[in-house]
Amino acid sequence: MTGLLDPRWSEAFARLPDYLGAHVRVSLAALALGLAVSLPLALITRHRPAARGVLLGIASIAQTVPGLALLALFYPLLLALAALSARWFGVSFSAFGFLPAVLALALYAMLPVLRNTITGLQGIDPALIEAAKGVGMTERQSLALVEWPLALPVIMAGIRTAAVWVIGTATLSTPIGQTSLGNYIFAGLQTQNWVFVLFGCAAAALLALAVDGLLALIEHGLRHHRGRTRIALGAMGLAALIAASLAPSLARTPAHYVIGAKTFTEQYVLSELIAQRLNAAGLTATTREGLGSNVIFEALREGEIDAYVDYSGTLWANQFRHTDIRPRDELLAELSAMLARDNVALLGELGFANAYALVMPRARANALGIRSIADLAARAPDLSIAGDYEFFSRPEWTALQQAYGLRFGNQRQMQPDFMYAAVAAGEVDVIAGYTSDGLIAKYDLVVLDDPRTAIPPYDAVLLLSPRRAGDRAFREALRPLVGAIDIATMRDANLRAADGKTGSAADVARWLWDQIAAGRK
Amino acid sequence: MSASAPAISVQRVARRFGRVTAVDDVSLDIGEGEFLAVVGASGSGKTTLLRLINRLIAPDNGRIVIHGEDIAASDAVALRRRIGMVFQSGALFPHMSVADNIGITPRLIGETRQEIATRIDEMMALVQLAPELRARLPHELSGGQRQRVGVARALAAGPRIVLMDEPFGALDPLTRDTLGEDYRALHARLGLVTVMVTHDITEALLLADRIAVMCEGRLVAIADPKRISQSGEPYVRDLLRAPRRQAERLAALLTQGTR
C-alpha cells in the first residue's frame, strides 16, 4: 500500500456520495419507521404488563437474529407478500433493496426504543403522577406534560442506541440489493481491497457518531430548561444530512441499465466488464454489487437488474431445485427452456466454467500418485478436506461421496479466500475450490479429474431480464462476450482482482476486455 | 359549627385495598372556613380519606358531598381543578420552573398567558417567595421554598378547598413552624376550607380548628383542640401522652432557666 497516494482511495471517495447517500436514506427511514411503531406501542402497553412482556419478548427475539440473517429473511417474506398483493389487489411492489432493508432495520431499532420508553415511563416517581392527577391533569395531559418529558432522557438514550445499531447494521443490507456503505466492505473483502474495507468501516462509524452527536444535542436541548438552540441545531443537522443524502440521487441521471454482481471477485470483474461494454456502446450502465445469490435471480426476474452472470449448475440446483445431475449440453438446453418460462433470456455461455472442484497441491498429488477423485478416494480416510460454508450441505458433495465412496478423515469449513493458502501450506490436504479461481495457478494447485462426472457443469451464462430480453442494442453490445472468456484468462483476471495490487475490479475488467479483443483479432 | 350546610360532608364512606379496610365507615362534616386536621399513625387511613375527597380514588361505600353536590356525579378532573392539593414533600414537577409549577392548574383550565403570569406573581407574593426564584427549577430550592411553591401551586386556580397531605413533615422544626403559621394566616385571609393530614398531633393542636383522630380506618374522635386534649378516648390519650410529657419537661426546664 502506498498510503494516500493509492488510487484506491480516490476511487473510494468517488463512490462516497452514492453509497453514503443510500446508507443515510435507508438508516434514517428505518429509524423513523422503528420510532413510529415502537413509541405508540410502548405507550399503549405501559399499563398492561402482559402485553408489554409479549412485546419486549418479540423485540428481544428479533434482536437475537443476526443482522445478516434478519435482512435476508425479509427478502423472501416480502417476495411472498408482493405476490399475494399482486394477486389480491393487483398492486405489486419491489421486494428488493430498499423496502426489505428498511423493514428489517426498523425491527432492529425497535428493542432499544421500546425498552427504554417503557423503562423511562415506569421509572417516574408515582408521587409525581399522583401530583399530576391532583393538580387536575387528564391522563393525556399527565403523559404529555409530566411523564413524557421526565422519561425523555431515557427514551432518547434508547433512540441513540437504535440509531447507532441501525447505521452499523445497514452495512449488511448490500446483499439484499440496497446500496450502502456495506458495498465498500463486501467488495473490499472479495477483492482483498483493504482500502475499501477500511473506508467502508470508517465511513459507517463516522456516520453513526455524527447522528449520535446530533441526537445527543437534541437530547441535551430537551433536557435543559432553555435548550431551544440546541434542539434547533440538532434538528437542522439531521435535516441537512437527509437533504445531502437526497441531493446526489436527484442530481444524477439514473443509469439506464443495471448490472448485478454476486458477492465474489469474479462477479465484480464480470459486472464491470458488462457495464463497460454497454457504456462503450453508448448505453448508460451501472453495477449493483454484492447481491446475495438467493436475491440476484429474483432481482433479475423482477427487472430490478437487467443482466448478470450466473452458473448453470447453481441455477439448476438452487433456483430450480433439481437434485439430479445431467450432462452439460442437456442441462443447458433444459435450463434455457426453464428460464424462458420466466421470460428470462439466456444470452449465451461466456466460455468458462466455475465449478466446484477438489483441489490439492500439485507436488503432494504427484507424491501420492493422485490424478483423479477416484485415486483420492483410496487415500481419503487419512486426509482432511476443507470447503466453503455451503459446500458440505450441497448436492455436489453428496453426489461425490456416492460416486466415489469418499470418506475423509476430517472435514472443515473455511472462508473461501483463506482456503487456498491453507491447502498450499499443508494445513488441510484437499479443498473444495472453484475451477476459475486464480489462486489455483498462484499456489501451483491441481484440479483433480472427475471421471464419473459427479460434479455438474457450472458454465458461466449471461442472463437478461424479461424487460431487456428483446432489447436489440443491449443484446448486440453484450454479444461479443459470449464464448469469449476461456478458463485460463478468467483465472488470470480473478488472480489480478483478488490480490488487490493490480487495481480495482474495473481496471481488471478493462484488462480482461483487452485480452478478449486481442484474442478475436 | 354554624348551622349552614357543610362545605364537605363525608357520609359513611368505606374504602378497601384488597383485604385491608383503609377507611371504615367514616362520617364527618367540615364547615365553611374550617381548618380540620386529620391525625393518626401511618396506616390509619388518613391519607386515603384525603384522596377520597378529590376523587383520586373512589369509595367502595358511602358518598361525599361538596357544596351540596355528590362528587361521584361530578367530573373528577374538573373537581380536582377546583380543589387545591399540597403533597407530601412538595411533589413539584422537577422539569418545570417555579413559575410553571405554580401556573399549572390555571394553564390546564385554559387561562391566557397574561392571566397566568399575573396569577403567578400574586401567588409568589402570597406565599412570600422572592420574584427572582421564578425561573428556578425545584432542585435549586430549599425544602421550605419548595413547600411554599407547593402551597402556591395549590392556591393558584383560586380554590375554596385545600387538601394537604403531611405538607410540612419533611421540614426542619423552625421552617415547619413558620410555614404552618404562614399557612394558617392565609387560610384565614382567603376564607378557605382546609383539610390537613398529619401524624404530628402537636402540629394539629396548634393549627387546626378541629381535629379528627383516625385509628385503623375508623374515626375515633373529632373535636376542637381543647376537647381533644381532654378526651377520655384511650387512643387519643395515648397519642397525647408523649407531647404532654415533653411539654411538661420543657415547661419545667424553661421556668428553671428564667429564674
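All chains are named by letter (A, B, ...) in the order of the sequence lines, taking the proteins before the strands, and each is independently numbered beginning at 1.
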Exercise for the section: Spell out, as yes or no, whether a donor-acceptor pair under 3.5 Å connects the side chain of B:R55 to the backbone of B:S74. Expected result: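 A pair under 3.5 Å: yes.
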
Which residues in [range] have any heavy atom lying under 4.5 Å from a heavy atom of chain A?
| range | result |
| --- | --- |
| residues 101-117 of chain B | B:I104, B:T105, B:R107, B:L108 |
| residues 57-72 of chain B | none |
| residues 43-51 of chain B | B:R51 |

Let me confirm one number: the [atom1]-[atom2] distance from [X] to [Y], rounded to the nearest 0.5 Å.
| X | Y | atom1 | atom2 | result |
| --- | --- | --- | --- | --- |
| A:L241 | A:L20 | CG | CG | 7.0 Å |
| A:E130 | B:L56 | CD | CG | 5.0 Å |
| A:R46 | A:R48 | CZ | CZ | 9.5 Å |
| B:R81 | A:M137 | CZ | CE | 9.0 Å |
| B:R148 | B:Y183 | CZ | OH | 13.5 Å |
| B:I8 | B:L36 | CD1 | CG | 8.5 Å |

Is the shortest side-chain heavy-atom distance between [X] and [Y] below 4.5 Å?
| X | Y | value |
| --- | --- | --- |
| B:E34 | B:P6 | no |
| A:I185 | A:C201 | yes |
| A:P112 | A:Q63 | yes |

Handout entry: Heavy-atom contact with chain B under 4.5 Å, split by part of A:L145
Key =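 Both parts, backbone and side chain.
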
Practice task
Tell me, yes or no, whether the heavy-atom count around A:R115 atom CZ, taken from other residues, nucleotides or ligands under 6.0 Å, exceeds 12.
Solution key: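 No, the 6.0 Å shell around CZ holds no more than 12 heavy atoms from other groups.
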
Practice task
Flag yes if more than 12 heavy atoms outside B:E216 fall under 6.0 Å of its CD atom; otherwise flag no.
Solution key: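 For B:E216, atom CD is not crowded (no more than 12 foreign heavy atoms under 6.0 Å).
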
Donor-acceptor pairs under 3.5 Å, side chain of residues 27-41 of chain A to any protein atom, not counting sequence neighbours: which ones?
from, atom 1, to, atom 2, distance (Å)
A:S27, OG, A:H23, O, 2.6
A:S38, OG, A:G34, O, 2.3

Handout entry: Ion pair B:R184/B:D209, N-O distance below 4.0 Å
Key =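 Yes.
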
Practice task
Tell me, for B:R82 versus chain A, whether the close heavy atoms (under 4.5 Å) come from the side chain, the backbone, both or neither.
Solution key: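 Neither part, no heavy atoms under 4.5 Å.
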
